[in-house]
Amino acid sequence: MRIDAQIAEKLKGLGVELRAGVALADLTSLGIGGATDELLLRRYESIPEVMRLLKSEGIPHRFLGGGTNLLVMDGDLPFVVLHLPSSQPGMRVEGGAAYVDAAADLGGTVTFCAKRDLGGMEGLIGVPGSVGGALRMNAGAYGTQIGPHVREVELYRDATGEIETLKGDDIRFDYRHTSFAPGDIMLRVKLELPPKPFKEILAGIRVCNEKRRSSQPLNQKSAGCIFKNPPGGSAGRMIDELGLKGHRVGDAMVSDRHANFFVNTGNATSADMMKLIGEVRERVRVAFGVDLENEVIFWQN
Ligand code: EPU
């Protein structure tokens, strides 16, 4: 989708940098997705006005975080993509709290806090993506979730069309799910973290990194786990037990390292990946009577 020149001019006046015709394949960890215009929101305070403009002009839009948990359709996308600039995200520590821009890299944030003797997030070290994406999904690994550390979130709220600050207690953080609305845009977060000597945090980080390296396909294009784990079960183990590691549709393949990771081995299309996901879900349903729920977010038609 292309923004016309007149609207582009108005957006520029609101501090938006327009990047025409970017390929989502280049902005997502799966390396899949068609092209559209990307709007970089450089001025947070004008976001409500940008959103009003897009709505009044009837321009469909979606917000892109780190792009690490996303399967985007191919072709000319019927929506523009909004993005926060991530080059120099704000991060500071004051007392036992860290104040971080949502565009910051999650792993970078864990390290930044560790160096200032604030721990508690060791398990999140290898989770790819932005802090905003981690908040929205309540990212977790190795017994740690981000939700319990959240004290405040500054966000653009779709329901009111304004920038607001929510208290941590007013947000529901469940397993890979939160009470944020799809149209909300995370801007900044205050995290409260337990004090811990850097050396101790580093030891924890090393253990998690090692576990991850030994069980996940880190050097291949993926979106992490495709399915949520069903209550009390493991999607990866079930898919593995069905002998589906290495099963492929075109260049989309069930990882031979971790069966809940589906990798793009070359030029997988969105349709290949969707077909593979559908096939595996059906095989699990027939064999185990379990309807797996997607963990990955789909931007399809
Ligand atoms: N297993 C297999 N075969 C496989 C994969 C796993 O038998 O191919 C078995 C393992 O041996 C283990 C069990 O299944 O006994 C669980 O596996 P693992 O420890 O790898 O954890 P997981 O439940 O598959 C979850 C998260 C991951 C997170 C890890 C580590 C979900 C859907 N996945 O995976 O998160 O990194 O725990 O804490 O909750 C993600 O969210 O994208 C993600 C990758």
Side-chain angles (χ1 to χ4, degrees), residues 28-32 64-72 105-107 109-110 119-149 173-178 180 201 203-248 252-265 273-274 276-277 279-281 283-285 287-288 290-299:
T28 54
S29 58
L30 256 178
I32 295 176
L64 176 73
T68 54
N69 197 39
L70 205 55
L71 173 53
V72 184
D105 173 69
L106 181 62
T109 302
V110 175
M121 294 203 293
E122 293 85 332
L124 296 176
I125 186 67
V127 176
S130 64
V131 167
L135 286 173
R136 168 170 293 285
M137 291 297 294
N138 188 19
Y142 305 113
T144 308
Q145 296 188 341
I146 195 166
H149 298 293
F173 290 100
D174 300 321
Y175 167 60
R176 301 293 195 275
H177 186 265
T178 61
F180 295 115
I201 304 173
I205 283 176
R206 288 203 173 118
V207 170
C208 292
N209 275 340
E210 191 39 51
K211 281 191 197 161
R212 197 177 283 279
R213 256 196 303 271
S214 66
S215 63
Q216 299 182 359
L218 301 187
N219 52 2
Q220 281 182 292
K221 290 181 181 172
S222 86
C225 285
I226 289 285
F227 301 110
K228 293 183 185 181
N229 283 332
S234 161
R237 187 184 299 136
M238 289 190 285
I239 301 167
D240 194 355
E241 280 176 12
L242 289 171
L244 290 172
K245 277 183 170 169
H247 178 62
R248 53 163 76 224
M253 188 183 92
V254 177
S255 160
D256 41 27
R257 183 163 268 247
H258 192 300
N260 198 11
F261 279 63
F262 294 9
V263 295
N264 173 6
T265 60
M273 197 52 88
M274 289 298 285
L276 184 65
I277 292 169
E279 283 183 10
V280 171
R281 178 186 289 110
R283 291 283 304 271
V284 168
R285 194 185 62 75
F288 299 97
V290 172
D291 229 337
L292 290 176
E293 203 185 317
N294 302 323
E295 211 253 84
V296 162
I297 311 279
F298 293 157
W299 283 3

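All ligand and atom numbering here is 1-based and tracks the order in the structure.
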_I need the contact type for Asn229 against ligand 1. Using non-hydrogen atoms and a strict under-4.0 Å cut-off, is it side chain, backbone, both or neither?_
both
*Starting from atom 10 (C) of ligand 1, locate the nearest protein heavy atom and write down its residue, its atom name and how far away it is, to 0.1 Å.*
Arg237 NH2, 4.7 Å
*Are Met137 and ligand 1 in contact, using a heavy-atom cut-off of under 4.0 Å?*
no
*Starting from atom 31 (C) of ligand 1, locate the nearest protein heavy atom and write down its residue, its atom name and how far away it is, to 0.1 Å.*
Tyr175 OH, 3.3 Å
*Which residue holds the protein heavy atom closest to atom 8 (O) of ligand 1, what is that atom called, and what is the gap in Å?*
Ala259 N, 2.8 Å
*Taking heavy atoms and a distance under 4.0 Å, where does Phe261 meet ligand 1: side chain, backbone, both or neither?*
side chain
*Should Ser234 be counted as touching ligand 1, given the test is an N or O pair under 3.5 Å?*
yes
*Please check atom 24 (O) of ligand 1 for a protein heavy-atom neighbour under 4.0 Å.*
yes
*Check whether the side chains of Arg281 and Asn294 place a donor and an acceptor atom closer than 3.5 Å, and report yes or no.*
yes
*For ligand 1, the portion of Cys225 having any non-hydrogen atom under 4.0 Å away*: both
*Mark the output for Glu241 as yes if a heavy-atom distance to ligand 1 is under 4.0 Å, and as no if none is.*
no
*Which residue and heavy atom of the protein sit nearest atom 41 (O) of ligand 1, plus the separation*: Glu295 OE2, 2.5 Å
_So Phe261 and Gln220, do their side chains get closer than 4.5 Å, heavy atoms only?_
no
*Considering only the protein, which heavy-atom contact is closest to atom 3 (N) of ligand 1, and what is its distance?*
Asp240 OD2, 2.7 Å
*Of the protein's non-hydrogen atoms, which lies at the shortest distance from atom 38 (O) of ligand 1, and what is that distance?*
Tyr142 N, 2.7 Å
*Can Lys211 be said to touch ligand 1, with heavy atoms closer than 4.0 Å?*
no
_Winner among Glu293, Gln216, His258 once heavy atoms are compared against atom 20 (O) of ligand 1_ = His258
